[in-house]
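Below is one structure; the comments refer to it alone.
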Protein chains: 2
Amino acid sequence: MFHQLGRLGHMSAAPLDSSEHRSGPLLDHLARRMRLRSESVLSPLGLRPRHLVALTVLRDGGGTSQQALASTLAMDGTNIVGLLNDLESMQLIERRRSPEDRRRHVVELTDDGAKRLNEAECALASAENEVLGALEPDEREKLYLLLRRAATGTTITCEAVILEDTSPVDSR
Amino acid sequence: MFHQLGRLGHMSAAPLDSSEHRSGPLLDHLARRMRLRSESVLSPLGLRPRHLVALTVLRDGGGTSQQALASTLAMDGTNIVGLLNDLESMQLIERRRSPEDRRRHVVELTDDGAKRLNEAECALASAENEVLGALEPDEREKLYLLLRRAATGTTITCEAVILEDTSPVDSR
DNA sequence: TATTGTTATACTCTATAACTATA
DNA sequence: TATAGTTATAGAGTATAACAATA
């Protein structure tokens with residue numbers, strides 16, 4: 001099982017492969033399909049796809065300020081407010097004033113939040129089975145790892161230069 | 001280069017791996033970041049990310065009706081109208097009445113459309129470099145192939161059975 | 001003065017309903 | 001009657017601007 005995509009054989013430090021295939025539109029397309037399926041699967045749990053993204057980030061990222069969350073989620077800070085209001089009213093997250101800087105809210109997942117997130121992830125399995133139906137289980141695993149590396153490796157992107165990190169997400 | 005993802009070694013007809021990792025939220029997250037970056041890169045070309053998804057589908061899928069396009073793009077048919085109006089006013093696509101069924105419009109990419117799409121894909125390379133910066137070139141290639149297989153393998157999903165096609169995308 | 005979070009609000013995206021023309 | 005496309009419109013998503021509390 002080896003690919004025969006000849007045109008890639010000579011790459012090394014060629015950052016732009018100009019008009020080669022782009023995965024942007026594909027990403028957009030698949031995310032849309034996934035979101036649509038997820039909505040129906042999540043609604044019994046009182047959650048929306050965007051809630052799940054936030055909860056996932058909060059679980060993996062620990063307690064952060066709302067602004068940091070906004071930057072990580074690439075959402076406007078004003079919308080984070082409503083998003084967290086939803087989650088807080090369900091007692092899935094907590095907002096505490098930071099003792100160091102009393103302007104800040106430290107946002108963290110509650111135990112209920114972690115539990116609900118787990119339930120939601122189980123529920124999402126069926127949605128993934130539909131949307132990623134064309135992929136074999138091992139391919140889905142590869143996809144997951146690639147997506148995760150891409151997502152966590154560039155959390156800040158064009159904010160600070162702090163994250164040259166490209167952290168040891170999984171490497172493998 | 002072989003994977004050693006042990007926990008998958010025993011699968012066969014196990015559709016739900018319950019609370020294992022989910023790629024839905026990751027997909028959502030990355031697509032958002034990509035869309036944001038793409039917008040600024042595409043605006044000089046007068047295009048939006050959604051236009052690009054449509055153009056890509058039209059190039060790869062040939063002339064289809066608007067309804068088929070709606071189903072492929074997982075968009076409501078009413079929104080396809082405006083989308084195609086944009087593209088038609090730029091002369092990137094053409095709508096022709098189908099001779100067989102005069103209710104239908106056959107939508108096809110024009111030469112200008114193909115050219116513009118190509119330009120757009122070049123422009124998108126920089127956006128991808130930012131969003132997928134944590135991935136090595138060969139990883140991006142793998143990601144592209146996986147996304148493409150996932151996207152084209154389930155184009156219709158639950159619509160008609162017409163497209164058992166699953167065209168010769170790559171198969172490997 | 002600058003920053004964190006909030007509210008109010010306008011703009012865009014998406015879906016629902018009613019209409020036209022073909023079948 | 002049913003279907004393809006269109007229009008009008010309401011609802012959700014997202015961003016901009018002004019404000020309050022804190023630094």
### Query
Should B:Arg97 and B:Arg104 count as side-chain neighbours, where that means a heavy-atom distance under 4.5 Å?
no
### Query
What integer distance in Å separates B:Ile93:CD1 from D:dG5:P?
12 Å
### Summary
Nucleotide by nucleotide, nucleotides 7-20 of chain D touches protein heavy atoms under 4.0 Å in the pattern (B base, S sugar-phosphate only, - none) B-----SBBBB---
### Check: A:Leu69 and A:Leu58 side chains under 4.5 Å, non-hydrogen atoms
yes
#### Entry: OP1 or OP2 of C:dT4 under 4.0 Å from side-chain N/O of A:Gln67
yes
### Query
Please give, in whole Å, the distance from C:dT6 P to A:Leu84 CG?
8 Å
#### Entry: Residue pair B:Glu128 / B:Met34, side-chain heavy-atom distance below 4.5 Å
yes
Expected list for residues 76-86 of chain A: side-chain donor-acceptor pairs under 3.5 angstrom, two or more places apart:
unit_1  : atom_1 : unit_2  : atom_2 : d
A:Asp76 : OD1    : A:Thr78 : N      : 3.0
A:Asp76 : OD1    : A:Thr78 : OG1    : 2.8
A:Asn85 : OD1    : A:Arg95 : NH2    : 2.2
A:Asn85 : ND2    : A:Val81 : O      : 3.4
A:Asp86 : OD2    : A:His51 : NE2    : 3.0

### Message
So B:Arg95, base contact, sugar-phosphate only, or nothing? Heavy-atom distance under 4.0 Å.
### Response
sugar-phosphate
### Query
Going by heavy atoms in the side chains, are B:Leu87 and B:Val107 under 4.5 Å from each other?
no
### Query
A:Arg33 CZ to C:dT14 P: how many Å, rounded?
15 Å
#### Entry: Strand contacts (DNA chain D) in residues 99-106 of chain A, 4.0 angstrom heavy-atom criterion
A:Asp101, A:Arg102, A:Arg103
### Query
How about B:Val57 and A:Pro25: do any of their side-chain heavy atoms sit closer than 4.5 Å?
no
### Message
A side-chain contact here means heavy atoms from C-beta on lying under 4.5 Å apart; do A:His21 and B:Glu141 qualify?
### Response
yes
### Task
Specify the separation, in whole Å, of atom CG of B:Leu73 and atom P of C:dT14.
11 Å
### Message
Distance check needed: D:dA4 P versus B:Ile80 CD1, whole Å only.
### Response
14 Å
#### Entry: Polar contact flag, side-chain donor to acceptor under 3.5 angstrom, B:Ser40-B:Arg37
yes
